[in-house]
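Ligands are counted one by one from 1 in listed order, and the atoms in each one are counted from 1 as well.
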Amino acid sequence: MLKLISGDITRTRADVIVNAANSSLLGGGGVDGAIHRAGGGAILRECMEIVASRGSCPPGEAVITTAGKLPAKHVIHTVGPVWHGGMYNEDKLLADAYTNSLKLAVKYGAGTIAFPNISTGVYNFPKERAARIAITAVREFLKTDKSLTEVLFVCFDRENHQIYERLLNV
Ligand code: AR6
């Protein structure tokens, strides 16, 4: 089931919360900064181990760590595309970021997962276009998977919340 929530994802109760990270996995601003701040140093330490063993995380891919002090069991760090006008595979990479996060969550036994609006902040992806891609990717995934009971879209800014309200018809 898809649900819409407004507010700070670090306060969301879900088995997995998803981070809109960058390829370095070493933290940043926006939701990434908020997750690392609230979760504590254990998350960054695991991210550094992942980078040391596997290298950086390309756009569209996802990795999983502890959630540290957050109420979630895990954080999945995915990297959305930077918006460059739409001709650089941005749509597919954004859909992949959602789908690969969902696959990883299921692999780790999650029943619930919360997503921020990946790429719609610093990475400048147009918000409505991103929301349509996110909702479609999640719906497609849920057609084939029965283990996730709830997928939460956590909207921090009002504009995204209004877009999701309209698109999800809630
Ligand atoms: N909870 C939920 N959503 C949030 C929160 C929060 N606490 N804070 C911001 N948002 P952004 P991006 C929303 O910029 O565009 C970082 O520096 C925000 O309103 O966090 O994918 C990374 O390290 C927006 O809708 O991520 C990367 O370098 C959405 O989160 C880069 O930003 C995404 O905004 C990634 O850029």
Please write down residue, atom name and distance for the protein heavy atom closest to atom 28 (O) of ligand 1.
Asn22 ND2, 3.2 Å

Which of the numbered atoms in ligand 1 are below 4.0 angstrom from a heavy atom of Asn160?
25 (O)

Thr120: partners by side-chain hydrogen bond (donor to acceptor under 3.5 Å, both in side chains), with sequence neighbours left out:
Asn160

Give the numbers and elements of all ligand 1 atoms closer than 4.0 Å to a heavy atom of Ala20.
21 (O), 22 (C), 26 (O), 35 (C)

Is a side-chain donor or acceptor of Thr112 paired with a backbone partner of Asp15 at a separation under 3.5 angstrom?
yes

Heavy-atom side-chain contact between Pro116 and Val18 under 4.5 Å:
yes

Closest to atom 16 (C) of ligand 1 by heavy-atom distance, out of Gly29, Ala130, Ala34, is Gly29

With heavy-atom distances below 4.0 Å as the criterion, list the atoms of ligand 1 near Asp32.
22 (C), 23 (O)

Test your reading of the model: is there a side-chain donor-acceptor pair from Asn100 to the backbone of Gly60, 3.5 Å cut-off?
yes

I need the atoms of ligand 1 closer than 4.0 Å to a non-hydrogen atom of Gly7, numbered in the order shown.
1 (N), 2 (C)

Selection from Asp157, Leu94, Ile17 by shortest heavy-atom distance to atom 18 (C) of ligand 1:
Asp157

Any nitrogen or oxygen of Val122, side chain or backbone, less than 3.5 Å from one on ligand 1?
yes

Polar proximity ligand 1 side, Val31 side, N/O cut 3.5 Å exclusive:
yes

With heavy-atom distances below 4.0 Å as the criterion, list the atoms of ligand 1 near Asn117.
25 (O), 29 (C), 33 (C)

Among all the protein's non-hydrogen atoms, which is closest to atom 2 (C) of ligand 1, and how far away is it?
Ile9 N, 3.5 Å

Ignoring hydrogens and geometry, is there a side-chain-to-backbone donor-acceptor pair from Ser23 to Cys57 under 3.5 Å?
yes

Could you tell me if any non-hydrogen atom of Ser119 lies under 4.0 Å from any atom of ligand 1?
yes

Min over Thr120, Val79, Val82, Val154 of heavy-atom distance to atom 25 (O) of ligand 1 lands on Thr120

Would you mind running through ligand 1 and noting each atom that sits below 4.0 Å from a heavy atom of Asp8?
1 (N), 6 (C), 7 (N)

Is a donor on one side and an acceptor on the other found under 3.5 Å between the side chain of Thr99 and the backbone of Ala137?
no

Non-hydrogen atom of Thr10 closer than 4.0 Å to ligand 1:
no

Considering residues at least two apart in sequence or located in another chain, which fulfil the side-chain contact (heavy atoms from CB on, under 4.5 Å) criterion with Glu128?
Arg132, Ile163, Arg166, Leu167

Heavy-atom count around Lys146 NZ within 6.0 Å, excluding the residue itself: above 12?
yes

Candidate with minimal heavy-atom separation from atom 27 (C) of ligand 1, of Phe153, Phe115, Trp83, Tyr123
Tyr123

From the options Ala21, Ala131, Ser23, Gly121, select the one whose nearest heavy atom is closest to atom 34 (O) of ligand 1.
Gly121

Distance (rounded to the nearest 0.5 Å) between Phe125 CZ and Ile133 CD1
4.0 Å

Donor-acceptor pair, distance only, cut-off 3.5 Å: does the side chain of Thr66 make one with the backbone of Ile43?
no

What atoms of ligand 1 come within less than 4.0 Å of a heavy atom belonging to Gly28?
17 (O), 23 (O)

A side-chain contact here means heavy atoms from C-beta on lying under 4.5 Å apart; do Leu142 and Leu2 qualify?
yes

